[in-house]
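Structure record follows, encoded as C-alpha cells.
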Amino acid sequence: MKMKFLLSFALSAAILVESPVFAQVANPIEADVAPVNYTDGNATLLGHLALPNDNGRAVPAIVIIPDWDGVNEYEQVRATMIANDWGFVAF
C-alpha cells in the first residue's frame, strides 16, 4: 500500500511539473496592475489586482491570501508574477 501511494504521488508530481501551467514562458505577458478598495462590513480594505493583457480572453484566477500584516509588497509582487508568467488573474 505504501509503495503504491509513493508511486502515485511521484507520477502526479511528474505530471504537475511537466504541466504547461508551470512551464517557463518565452514571452511573458505584461500585466495591468491596480490597487482595489473593497469593504467587509464596516472595514474598508485594500487589495492588489493583476490582470494579464490577454485581449479579453477568459483566464483562470488565483486569490492570494495575505499573512497577518495585510497586503504588502510580497503579495503584490507574487500577484504580478502570476499574471505576467502564467497569464492568470491574481488578486
_Pairing residues for N42 by the side-chain hydrogen bond (donor to acceptor under 3.5 Å, both in side chains) criterion, not counting sequence neighbours_ = none
*Side-chain (N84) to main-chain (A31) donor-acceptor, under 3.5 angstrom*: yes
_Heavy-atom side-chain proximity of W86 to V59 below 4.5 angstrom_ = no
*So with a 6.0 Å cut-off around CG of D67, is the heavy-atom count from everything else above 12?*
yes
_Which atom of A50 lies closest to which atom of A79, heavy atoms considered_ = CB-O, 3.5 Å
*Going hydrophobic residue to hydrophobic residue with side-chain gaps under 4.5 angstrom, can you get from L49 over to Y38?*
yes
*Are the side chains of V89 and P52 in touch, meaning some heavy atoms are under 4.5 Å apart?*
yes
_Are Q76 and V71 packed together at the side-chain level, in the sense that at least one heavy-atom pair is separated by less than 4.5 angstrom?_
yes
_Could you measure the distance from the CG atom of L46 to the CG atom of N37? Nearest 0.5 Å is fine._
5.5 Å
*CZ-NE2 distance between R78 and H48, expressed to the nearest 0.5 angstrom*: 12.0 Å
*asked:* Could you measure the distance from the CZ atom of F88 to the CD1 atom of I82? Nearest 0.5 Å is fine.
replied: 8.5 Å
*Residue pair V36 / F91: nearest heavy atoms and the distance that separates them*: CB-CE1, 4.0 Å
*Applying side-chain hydrogen bond (donor to acceptor under 3.5 Å, both in side chains), name anything that partners N72, two or more places apart in sequence or on another chain.*
D69
_What's the separation between atom CG in N53 and atom CG in D32, rounded to the nearest 0.5 Å?_
5.5 Å
*Among I65, I64, T80, find the one that has a side-chain contact (heavy atoms from CB on, under 4.5 Å) with E75.*
I64
